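Here is the structure we will look at, set down as structure tokens.
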There are 2 protein chains.
Amino acid sequence: MPKPAADSAALGLGVDRTSPVPLYHQLALQLEAAIEQGRLAPGSLLGNELELAGRLGLSRPTVRQAIQSLVDKGLMVRRRGVGTQVVHSRIRRPLELSSLYDDLETAGRSPATRVLRNTVEPATPEVAAALGVEEGSDVHLVERVRYADDEPVALLRNHLPPRLLDLGTERLESTGLYRMMRASGITLHSARQSVGARAATAQEGELLAEPAGAPLLTMERTTFDDGGRAVEFGSHVYRASRYAFEFQLLVRP
Amino acid sequence: MPKPAADSAALGLGVDRTSPVPLYHQLALQLEAAIEQGRLAPGSLLGNELELAGRLGLSRPTVRQAIQSLVDKGLMVRRRGVGTQVVHSRIRRPLELSSLYDDLETAGRSPATRVLRNTVEPATPEVAAALGVEEGSDVHLVERVRYADDEPVALLRNHLPPRLLDLGTERLESTGLYRMMRASGITLHSARQSVGARAATAQEGELLAEPAGAPLLTMERTTFDDGGRAVEFGSHVYRASRYAFEFQLLVRP
DNA sequence: GTCAACTATATGTCCTGACAAAGAGCAGGG
DNA sequence: CCCTGCTCTTTGTCAGGACATATAGTTGAC
């Protein structure tokens, strides 16, 4: 079966050496755009690395680094002795650590927030274990209802270590927690999540405009910064009728 | 605040050039083991790449490649001008495309399967769109109940394109679908998932030993091979009282 | 004493060059 | 006709060097 024919002619590829953007990244962006716009057809071969490097005036390692980043994103597949080709399937975004606020905003759904509580409380054993602080020591507690297009979507309950962040209620109402963290110079690194389901309590139902007993999607998450400190522990419930987690994931070789 | 002091003395690091395992991978495995066993303490610096390369008799690119793979796994963090240090938090496995069967088995929970249906049916519009086949054309349909420790955990409903796999009912009862695919030479590449929740129907409740209306965790997944062909479309429901998705995820820089 | 500028250090980027190994296709032998 | 072995192509691995740049600590001026 003949492969869908090689491509790789004039694709508008070319790098700008005066730019501060790394060459491999420039190339990666251009290739990604070419795939996105269909100029690099799914299944088409990219042409061998050495020749591509020669045409662009780059070295092979630089070209390889660009291609590798796309392979890591799942956009391309390399096969020794064959070449590198564009993956057929439409890859959307792989799963990343995202905030509900940003997700809703990029989906064009006008997020809004109502703060129910914004206090300091002693840490329960569970919270203390998650955040790595002393049991009974002070931790911030923030409870919010998140709306999308004026409809309640989720009930967000977050615990944060003390003195990490200035948690103004007004700012909490106008933006997302992760955005506030990043703005404070906190570098998010990783998170441990658990997603489940349970029935709504009467109080939850009232806040989310669902009957008591309605199925809810639950998410518990502990987020760490790049120093390994826990910066947030969240226990969230989502209206199953209005929300689902969607994500793409890759097989790691 | 002084950093937890540099380490990097004799860590038992050393590569075997006669081994077929790539040098960078040997080094990566050794470093990972050292972190795992605590010989490389969280927060400790690794010592600069050039010196490390010199001590091991390797070139810097090779050492960098090894370190980079650990950075990608979330185990280490690089800081220009500072060095590379081990992340404090214990990283478990990042989210990967996994099968319930394997997950249960690695958790030591003795998975078992009962096949309810194993037939060929015409594709509904939804299934046809997911698998990329003609509407109404033949597709395999497999319906199973998955047990863990003799307790029902999930109801699995899979659609597969025709002639992809030999779907013997006996084999389906004794292993997982993904394992069968891999054994058939199919290279899994990526999957698109959607996780939600809903109430159990009467029939689902009966099969899963839950009352009707009980909250269930739902997962829809389309899996693609490295050629971009859809190889499976699954619509699964899990008992929320017995199962939750747990995973770790990294911030992509 | 405080702040700015300088310097040392480590990673980030990029180059050239070389050989190894896997896969596909072709040719030859059974 | 099928299978085996060869060869060619292409990616995989590795070396060694050079310069750029961000960060931290130190030094110097005010």
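Bear in mind that the values here come from a model prediction, so they are computed numbers and not experimental data.
Rounding to whole angstrom units, CG of residue Leu27(A) and P of dT13(C) are separated by 14 Å. The distance from atom CG of Leu56(A) to atom P of dT13(C) is 18 Å, rounded to the nearest whole Å. Across the protein-nucleic acid pair, Asp226(A) atom CG and dT23(D) atom P stand 12 Å apart, rounded to whole Å. In this structure, CD of Gln85(B) is placed 13 Å from C1' of dT23(D), rounded to the nearest angstrom.
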| Could you run down nucleotides 10-16 of chain D 5' to 3' and tag each one B, S or - for protein heavy-atom contact under 4.0 Å? | BBBBSBB
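Using a 4.0 Å cut-off between charged nitrogen and carboxylate oxygen, Glu32(B) and Lys73(B) count as a salt-bridge pair. By the 4.0 Å N-to-carboxylate-O rule, Arg192(B) lies close enough to Glu246(A) to be salt-bridged with it. At a threshold of 4.0 Å, the pair Glu51(A)-Arg60(A) does not count as salt-bridged, since none of the basic side-chain nitrogens sits closer than that to a carboxylate oxygen.
The side chain to side chain donor-acceptor pair (under 3.5 Å) check on Arg179(A) picks up Asp102(A), Glu105(A), with sequence neighbours excluded.
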Donor-acceptor pairs are to be reported for all side-chain atoms of residues 224-232 of chain B against protein atoms at under 3.5 Å, with residues two or more places apart or in another chain.
from	atom 1	to	atom 2	distance (Å)
Asp225(B)	OD1	Gly227(B)	N	2.9
Asp225(B)	OD1	Gly228(B)	N	3.0
Asp225(B)	OD1	Arg229(B)	N	3.0
Asp225(B)	OD2	Arg229(B)	NE	3.0
Asp225(B)	OD2	Arg229(B)	NH2	2.7
Asp226(B)	OD2	Arg79(A)	NH1	3.0
Glu232(B)	OE1	Tyr178(B)	OH	3.2
Glu232(B)	OE1	Thr223(B)	OG1	2.6
Glu232(B)	OE2	Asn158(B)	ND2	2.5

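With Thr175(A) contributing its side chain and Arg171(A) its backbone, the two residues share no donor-acceptor pair below 3.5 Å.
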